[in-house]
Amino acid sequence: MNGQFSDQLLAWFESCGRHNLPWQQEPEPYHVWLSEIMLQQTQVATVIPYYNRFLQRFPTIKLLADADIDDVLSHWAGLGYYARGRNLHRAAKMICDDYSGDLPANKEQLLTLPGIGRSTAGAIMALAFKQHDAILDGNVKRVLCRFYAVNGWPGQPAVEKRLWQLAEGLTPEINVAHYTQAIMDLGATVCTRSKPQCDICPVASECLARKQESQDKYPGRKPKKTIPLRETVFLLLENRKGEILFEKRPATGIWGGLWCFPECSPDDDIEEWLLAKTGFSASIIKKLSIIKHRLTHFRMEILPVHLKVKQCNNVKAMGEQQWCASGDALKFGVPAPVRNLLLTMSE
DNA sequence: AAGACGGGGCG
DNA sequence: CGCCCAGTCTT
């Protein structure tokens, strides 16, 4: 029977699960939603300080909806995947407009909100509304791949389809909130990527991967490909007051909506490029050491160049711009390399 | 179906 | 350095 898996997991959860995470204290729908969005592609330990700061600044969905997007993004800065922050803000507005400020307890309606997909909708239904619904996040995928010895990479549509079937089959009708938390905890603390602790696993005796002594084979690896190198130049323009010029990036694409420095290619003549594109006449003070930034899909090498502005004729703004003392810039949403650069400079 | 999207943690 | 993480959206 399917009930055995959930029963064993629930019994284990009671004594060994995590019951002290910040979003478990007041499990209201907003808290569950916020934590689920932050936890997408991001680990618990990283999320916790961001979660606490965010909720302190935006205690309710209404206050979030009414906030300025820059304010929202500055509290997201450093977490990555900034579309999550923008979607959260958009969804908060929709929730206020369409549902009087409360998350709908309805899966189809949740799925219409930006940033909420199948797994997050399932998590909100189960954890916040105690409704029977399955999730399939990275932890659950790993647990199920091992328990059923599912071959193939979980990102593969056929494999993912199979995993959803298994996840739905195992999810119990009752105690669904505890079960959902339990299977995530099992993946996070016991059925870990490397060195799983099968000796303390509540479902080890039925686990096919363990029977085959091939836990390391599951889940199947993502086919790897060589990731490209992207080289860029950060232009740190300083005016007479010692302020630095920042530009707001477009809402979509890398670091969408965050504040950054003007950027050119290493192939450009820097002073010429500046004059042509922005109207600033500036001279190079110093080229700083190259910053290496590694992402999932490419590597970045950033050359920061410090310049002094001599003259400004007809500034051609390429987007929103502002001059700002380097220390004050951290109040805005800036990407991690920019933050690190500013911190280094102020030392 | 495939690619884009950030940053941190770990072996 | 490679791989992964409480995924979703766009093309």
Side-chain angles (χ1 to χ4, degrees), chain A residues 18 21-24 31-51 73 76-88 90-91 110-124 126-128 134-143 145 153-161 163-164 167 180-189 191-195 216 218-228 230 249-258 260 291-300 333-340:
Chain A
R18 296 178 294 189
L21 299 173
W23 42 91
Q24 294 172 330
H31 295 180
V32 171
W33 172 39
L34 176 62
S35 67
E36 288 301 322
I37 300 298
M38 285 190 165
L39 287 162
Q40 288 169 4
Q41 306 294 302
T42 312
Q43 292 178 357
V44 168
T46 306
V47 161
I48 288 176
Y50 283 91
Y51 174 87
L73 287 179
W76 207 272
L79 260 186
Y81 286 107
Y82 299 99
R84 293 183 296 170
R86 287 194 312 276
N87 285 338
L88 193 78
R90 280 175 52 208
L110 287 174
L111 284 169
T112 67
L113 298 170
I116 299 182
R118 185 173 176 184
S119 188
T120 300
I124 294 171
L127 296 172
I135 63 161
L136 187 63
D137 59 33
N139 282 323
V140 177
K141 283 177 183 170
R142 188 171 53 255
V143 170
C145 280
W153 175 54
Q156 214 170 332
V159 177
E160 186 167 355
K161 186 180 174 190
L163 290 173
W164 270 112
T180 299
Q181 190 64 56
I183 193 166
M184 290 192 291
D185 281 7
L186 188 76
T189 66
C191 194
T192 48
R193 179 164 64 95
S194 56
K195 297 180 185 170
D216 291 351
Y218 305 95
R221 306 284 175 246
K222 174 181 182 163
K224 65 171 164 189
K225 34 181 143 176
T226 55
I227 60 172
R230 192 180 294 182
R249 301 183 65 92
T252 56
I254 187 171
W255 301 327
L258 272 65
C260 210
I291 301 169
K292 297 188 177 183
H293 195 64
R294 207 164 49 80
L295 296 80
T296 307
H297 36 295
F298 59 88
R299 293 181 299 135
M300 260 180 119
V334 300
V338 172
R339 187 187 62 216
N340 294 336

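A note on names: the letters A, B, ... follow the listed sequences, proteins ahead of strands, and every chain is numbered from 1. Keep in mind the model is a prediction, meaning the values are calculated, not measured.
An OP1 or OP2 oxygen of dG6(B) is reached within less than 4.0 angstrom by no side-chain nitrogen or oxygen of H297(A). OP1 or OP2 of dG7(B) has at least one side-chain nitrogen or oxygen of W255(A) nearer than 4.0 Å. The side chain of R84(A) places no N or O atom within less than 4.0 Å of a non-bridging phosphate oxygen (OP1 or OP2) of dA4(B).
With the nearest nucleotide of DNA chain B identified for both P335(A) and A158(A), A158(A) has the one nearer the 5' end.
Note: OH (Y82(A)) to C1' (dA4(B)) measures 15 Å, nearest angstrom. If you take CH2 of W76(A) and P of dG7(B), they are 13 Å apart, rounded to a whole angstrom. Atom CD1 of I291(A) is separated from atom P of dG7(B) by 12 Å (rounded to the nearest Å). F298(A) has its CZ atom 12 Å from the C1' atom of dG3(B), to the nearest Å. Atom CG of N340(A) and atom C1' of dG8(B) are 12 Å apart (whole Å). For M300(A) and dG7(B), the CE to P distance is 9 Å, given to the nearest whole Å. When the P atom of dG9(B) is taken as reference, atom NZ of K195(A) falls 19 Å away, rounded to whole Å.
Of the possible polar contacts, none joining the R118(A) side chain to the W164(A) backbone as a donor-acceptor pair under 3.5 Å is found. The backbone N or O of L136(A) sits less than 3.5 Å from a side-chain atom of S119(A), completing a donor-acceptor pair. For R249(A) (side chain) and C260(A) (main-chain N/O), no donor-acceptor pair under 3.5 Å exists by modelled atom type. Remark: side-chain polar atoms of R18(A) are not paired, donor with acceptor, to backbone N or O of D185(A) under 3.5 angstrom. Side chain of T42(A) to backbone of L39(A): no donor-acceptor contact under 3.5 angstrom is found.
I291(A) is not listed as a side-chain neighbour of N340(A), based on a closest heavy-atom distance of 4.5 Å or more.
When the P atom is used for both dT10(C) and dG6(B), the distance is 14 Å, rounded to whole Å. For the P atoms, the distance from dA6(C) to dG11(B) is 15 Å, rounded to whole Å.
For the residue pair N87(A)/R84(A), the side-chain donor-acceptor check at 3.5 Å is not satisfied.
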Q) Reading nucleotides 3-11 of chain C 5' to 3', which nucleotides get B (base under 4.0 Å from a protein heavy atom), which S (sugar-phosphate only), which -? A) BSBBBSS--
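Residue-level contact check: P154(A) touches neither bases nor backbone, having no heavy atom under 4.0 Å from any strand. At the heavy-atom level, A123(A) lies nowhere under 4.0 Å from the strands shown.
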